[in-house]
K.L.:
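Structure incoming, see below.
Since the structure is predicted, the reported quantities are computational estimates derived from the model, not experimental observations. Read the numbers this way: they start at 1 and go in the same order the structure lists the ligands and their atoms.
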Amino acid sequence: MPEQIVILDFGSQYTQVIARRIRECHVYSTILRYDTPAAEIRAMQPKGIILSGGPASVYAKDAPLPDRAIFKMGIPVLGICYGVQLLAHFLGGKVEKGQKREFGKGTLTVLDSSCPLFEGLPSTLQVWNSHGDRLTRLPKEFGVVATTENSDYAVIENRERRYVGLQFHPEVVHTTHGREVIKNFVHRICGCGTDWTMRNYVDQAVEEIRSVVGKDRVLLGLSGGVDSSVAAALIHKAVGDQLTCIFVNNGLLRSREAEVVQEVFGRHFKIRLQYEDASDLFLKRLRGVTDPERKRKVIGRTFIEVFQAATKRAGEAKFLAQGTLYPDVIESVPIAGNPAALIKSHHNVGGLPKRMKFKLVEPLRCLFKDEVRVLGLELGLPREIVYRQPFPGPGLAVRCLGDLTPAKLEMVRAADAIVVEEMKASGLYYKLWQSFAVLLPVRSVGVMGDERTYDYTICIRAVESQDGMTADWVKLPYDLLEKLSNRIVNEVKGINRCVLDITSKPPGTIEWE
Ligand code: XMP
């Protein structure tokens with residue numbers, strides 16, 4: 001078990017960011033519900049505890065409170081925003097009710113530079129504050145380390161007990177040197193080393209998979225996306241030919257997708273690959289379906305059916321592997337005002353029916369996406385797979401508006417291939433969250449050579465995003481847009497017009513359906 005820091009989640013929108021920042025310091029971190037019993041936390045032997053921020057007020061009737069026995073564990077505690085109020089609440093300070101919690105920039109002045117949290121840092125920092133309830137009396141045996149324009153108690157500390165409270169968010173990018181503050185906490189205050197690396201994780205995970213799987217067989221649905229690809233490479237390293245990957249061609253894949261998967265996993269990694277070409281079935285079922293929700297449902301249902309049949313053909317197996325990631329596992333805290341608790345992803349292609357009688361193997365369950373990518377490289381997967389942009393489970397179906405026909409799918413597939421090629425050539429592909437083509441069910445008049453045309457429209461969509469929840473449209477260079485438009489209209493038969501989507505999310509979604 002690696003050394004770890006436990007983060008108690010009080011419903012902050014940044015809890016996962018805190019966890020990622022800690023792991024960037026090569027220290028493992030685990031997010032737990034705020035009310036996890038201290039005995040359970042103690043059993044995990046963490047080197048320190050972080051109390052996340054949160055939208056609540058310690059005064060509220062049902063304020064989320066931790067098990068007070070965590071203050072008897074003798075390990076360092078870092079309270080962020082609401083976490084400071086908790087320190088005060090439990091350790092004899094005083095908090096005054098403020099307005100609604102909101103954020104704002106501020107300048108932090110460090111008064112006590114001997115505080116290990118600020119070692120090696122300048123004495124003034126730009127910070128992202130949380131303005132809500134205010135500390136008006138220090139908890140017992142605490143001293144002031146730093147102030148801001150609005151707060152005399154911006155950073156407080158009890159050095160002997162190794163407790164620190166911050167009124168600002170060190171985890172958000174707007175706080176300059178925030179990463180160093182977190183680094184100082186985990187290394188200098190908690191005394192953690194740097195043993196959390198993907199190189200170490202490979203050994204640990206391989207051992208674990210072997211001990212769980214034994215001599216049994218494992219099946220894995222390989223989509224060609226980052227998560228299932230990395231899971232496949234990892235499990236294959238652990239149990240070799242006991243793993244069979246099932247790859248379903250639903251007829252909605254990108255250009256050369258099926259070939260690339262067979263090349264990389266079949267020929268290069270020599271992973272047992274069962275290729276299921278179900279494109280005719282999918283397209284038959286989708287004929288005449290125009291409603292986006294119905295499309296998704298038809299695709300989801302058909303996938304399960306095809307996959308189930310494929311697992312039967314694959315022969316007796318005890319385990320089913322899935323590329324589930326940590327953010328899918330973390331239980332969101334149901335506190336009013338916590339956006340993470342409200343936003344539920346509307347799509348989950350991984351959800352296979354419970355009645356499938358497999359035991360699950362989920363070797364990426366404790367990893368964040370960026371860690372999965374590093375792990376993929378560690379395992380020797382090509383960068384094209386490890387850094388590829390997300391691609392929705394229902395594939396090109398949600399990028400081909402209206403009814404789907406083989407001809408239309410071919411148009412959007414060809415246009416998409418051009419977008420990917422040009423984005424890669426421009427160096428932008430790996431910098432963006434997504435960039436792709438959408439086929440609009442709109443025909444318009446054009447002229448090509450001497451001929452009048454009446455053809456379809458391709459829309460180019462390029463967005464920047466951290467997690468797909470919100471996104472900004474990207475101002476692609478004009479010469480790149482010109483090249484894209486020229487190539488798409490000249491090379492893709494049936495397209496005579498190219499437009500650009502300049503909508504961010506919200507109010508738009510990233511995909512068009
Ligand atoms: P939206 O369109 O909701 O997309 O803004 C957010 C992110 O999710 C991806 N997406 C999907 N992924 N199955 C998936 O596996 C789906 O049905 C699906 N719909 C959207 C989308 O590509 C974007 O990255």
K.L.:
Can you list the residues that meet the side-chain contact (heavy atoms from CB on, under 4.5 Å) rule with Asp35, with sequence neighbours excluded?
P.N.:
Arg33

K.L.:
Could you please spell out the steps behind the side chain to side chain contact (heavy atoms under 4.5 Å, CB included) verdict for Tyr326 and Arg365?
P.N.:
CA-CA 5 Å; Tyr326 195 38; Arg365 255 182 97 79; over 6 Å; no

K.L.:
If the plane angle is over 60° it's perpendicular, under 30° parallel, otherwise tilted; pick one for Tyr275 and Phe247.
P.N.:
parallel

K.L.:
What atoms of ligand 1 come within less than 4.0 Å of a heavy atom belonging to Thr509?
P.N.:
1 (P), 2 (O), 5 (O)

K.L.:
Taking 4.0 Å as the limit for heavy-atom contacts, which would you say applies to Lys505 with ligand 1: side chain only, backbone only, both, or neither?
P.N.:
side chain

K.L.:
Report yes or no: does a heavy atom of Trp512 sit under 4.0 Å from some atom of ligand 1?
P.N.:
no

K.L.:
What are the atoms of ligand 1, with element, lying closer than 4.0 Å to any heavy atom of Pro394?
P.N.:
13 (N), 16 (C), 17 (O)

K.L.:
Going by distance only, is there an N or O of Arg296 that falls short of 3.5 Å from an N or O of ligand 1?
P.N.:
yes

K.L.:
For the pair Lys183 and Glu180, find out whether any cationic side-chain nitrogen is under 4.0 Å from an anionic carboxylate oxygen.
P.N.:
no

K.L.:
Measuring from atom 12 (N) of ligand 1, which candidate in Pro392, Ser465, Gly468 has the nearest non-hydrogen atom?
P.N.:
Pro392

K.L.:
Sequence neighbours excluded and cut-off under 3.5 Å, please list the side-chain donor-acceptor pairs for residues 419-428, or say none.
P.N.:
from: Glu421; atom 1: OE2; to: Arg487; atom 2: NH1; distance (Å): 3.2
from: Glu422; atom 1: OE2; to: Arg487; atom 2: NH1; distance (Å): 2.7
from: Ser426; atom 1: OG; to: Glu422; atom 2: O; distance (Å): 3.4
from: Ser426; atom 1: OG; to: Met423; atom 2: O; distance (Å): 2.9
from: Ser426; atom 1: OG; to: Leu428; atom 2: N; distance (Å): 3.2

